[in-house]
Protein chains: 2
Amino acid sequence: MRKEIRVIQYGVGSIGAEIARLLLQKREVRLVGAVDNDPDKIGWDLGRVAGVGRDLGVIISDDATQVLKTQADVVIHCTSSCLPDVEKQLMECVDAGHSVISTCEELVYPFRKHPHLSNNLDSEATKRKVAILGVGINPGFLMDKLVLTLASACQRVNAVEVTRIVDAGCRRLPLQKKIGAGLSLNEFSALVASGQIKHHGLPESVAMIADSLELRVEDIRETIRPVIARTLFQTSFLEVQPGQVAGICQTACGIASGEKVIQLTLQMYVGAENSVDEIRLQGVPALHCRIPGGVHGDVATAAVVVNCIPPLLEARPGLRITRDIPMRYFPTDSQ
Amino acid sequence: MRKEIRVIQYGVGSIGAEIARLLLQKREVRLVGAVDNDPDKIGWDLGRVAGVGRDLGVIISDDATQVLKTQADVVIHCTSSCLPDVEKQLMECVDAGHSVISTCEELVYPFRKHPHLSNNLDSEATKRKVAILGVGINPGFLMDKLVLTLASACQRVNAVEVTRIVDAGCRRLPLQKKIGAGLSLNEFSALVASGQIKHHGLPESVAMIADSLELRVEDIRETIRPVIARTLFQTSFLEVQPGQVAGICQTACGIASGEKVIQLTLQMYVGAENSVDEIRLQGVPALHCRIPGGVHGDVATAAVVVNCIPPLLEARPGLRITRDIPMRYFPTDSQ
């Protein structure tokens, strides 16, 4: 009999709910608390809100301070993409003595964009003898951890190219909206300018690769442009007319001595036909790795978060990154 | 300035020599000793034997006991495939206070085939506060570590299939001989029966996957059959006539409740046209990963061995496995 792992779910949106459902399949895990600030969720049982089909005896509360007083091993934190927006939430978890796994994209590799904040989190976690980790499928795995794992089979790596193509037509409505599907070009441009259309995390993946391979990247550049629909697409939620925006093509590059040594490309649009995840390492040996069909973002993000629980609980205290965590599968109860 | 890592090279065959050449590219590494029992190598400088093009001031000796008295951080051990044959060598390294990375295939996951010996090595290494690791590209990476890393993106894994196809025509003569290229069917069968034709390590990969995914595998079955040449093949070293053996097709399966839940296939023969490494995970999500062209065995084995040095030196003392080591790239001096 292994030790029980007590988990608090902080944030019960679509990803948080998917994670909660997966956690219930793990025999060692016990859900002991839930936090969310959505008035439609507060006061309801986590099992009901997460679509488990039964009550768990865990009532969702917006009083994080109170919930975090519960004795627990790890908080699964799924609230927001930008680190400054969640700094206080993470600090409160750590100060309550809990390790944290967060889907906050900027936490996956925060050292370049937020050096001061990274340092604070690392110091505080080290002091409290807990570990913090930012992880998701992208960033956190496909464009960084998997790249670095493959690079362990190389004697030398000179350059890295990763392409992820996702058919957003099969995904949930918030994602289709997040990429601007169905907008006019002008509407799209306005939302990009105001920061409302953007996939977070590409520069974090570039930075993790660059620093880990010592590629001497001094500049990271991002671009976001629309993919325009050529024909009519109808998803379960919306319609995209020819000439309207179908989604995004977003890139982040790492530049070393004027040369592009890292190129990450994310195409996420309604109607994409060749979904794939593809990694190319230039080096000795050169390596080309393809995942035809690509990896489903939401399903796999829940998976990597939950699978990271056992290795994170064995990791050194402090702010950790996926590169240094031996990611593996956390076997499921009913197998 | 990082800490110097002092390395003893134990075994200077073709893989040992490739590793020594790679070690010289790492700024932190200093080669401080070399062991080999080949009379043609004893007394010669490691640099000359390994084809570095210059002397290193490290003379190859067959007196392991003496060489192991050298102060060092890690021994790179490349002598033999079967754990009982190298047990004493490994124990002597550990007793001298050195961590060890070995290419011994059975050390990659020794717990099922050699439980008693595994336990001895683990106890002794723990007592001496050093770590031991068996690693290579196969076993050690392509058919186990990479599989388990990909599985970290799965909510559930029910079955695993891995296929590696290698064109042995591009490889060195000992490998072409090891797979029986150019033999008659009778000669091949005799050498298989006497254990002289066999790739070591497939059952170890099956066992690592099975135990890590908790697939309840109670039986591991191996087969070796010849691949017969249909047309004439000429390598740099030998000729294979139609009807002669071109190489091997070797499989290992993991059986759970009568069902094949793990299937590993290694095809290594002269004239193979579709070199590839291919992983299929049945589960949620299902994942299919292809490395077209495959990964070059010798080049990548040297790479994974050297790249494992920094994480192994940070690992817990004892007998470790690649699953639990965060494998990544060890950056090279001149980059």
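Numbers restart at 1 for each chain; the letters A, B, ... are given by sequence-line order, proteins then strands.
Separation of atoms CE (A:M327) and CE (B:M327) is listed at 15.5 Å; rounding is to 0.5 Å. Separation of atoms OG1 (A:T149) and CG (B:L148) is listed at 11.5 Å; rounding is to 0.5 Å. How far CZ of B:R290 is from CD of A:E278: 11.0 Å, rounded to the nearest 0.5 Å.
When heavy atoms are compared at a cutoff of 4.5 Å, A:L150 approaches chain B by way of both its backbone and its side chain. For A:V306, no part lies near chain B; criterion is any non-hydrogen pair under 4.5 Å. At a 4.5 Å heavy-atom cutoff, the contact between B:S212 and chain A is made by backbone atoms alone. Of the two parts of A:I325, only the backbone, made up of N, CA, C and O, holds a non-hydrogen atom closer than 4.5 Å to a non-hydrogen atom of chain B.
Here the closest heavy-atom approach between residue A:Q155 and residue B:V299 is recorded as NE2-O, 3.0 Å. The two residues B:Y329 and A:A151 have their closest heavy-atom pair at CD1-O, 3.6 Å. For the residue pair B:C289 and A:C289, the shortest heavy atom distance occurs at SG-SG, 3.3 Å.
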(message) Evaluate A:L213 against B:T332 for side-chain contact (heavy atoms from CB on, under 4.5 Å), listing each step before the verdict.
(response) CA-CA 9 Å; A:L213 302 180; B:T332 292; over 6 Å; no
(request) Given side-chain contact (heavy atoms from CB on, under 4.5 Å), test B:S152 with A:C308 step by step and report yes or no. (result) CA-CA 8 Å; B:S152 74; A:C308 277; over 6 Å; no
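In this structure, A:E161 has no side-chain hydrogen bond (donor to acceptor under 3.5 Å, both in side chains) partners at least two apart in sequence or on a different chain.
Here B:I291 is the residue among B:I291, B:T322, B:T301, B:V147 with the most heavy-atom pairs under 4.5 Å with chain A. Ranked by non-hydrogen atom pairs under 4.5 Å with chain A, the options B:V305, B:V304, B:L287 are led by B:V304. When each of A:A256, A:A286, A:A300, A:G294 is checked for heavy-atom pairs under 4.5 Å with chain B, A:A300 comes out on top.
Looking only at distances, no side-chain donor or acceptor of A:D324 sits under 3.5 Å from a matching main-chain atom of B:P326.
Counting heavy atoms of neighbouring residues, nucleotides and ligands inside a 6.0 Å radius, atom CD of A:E314 exceeds 12 of them.
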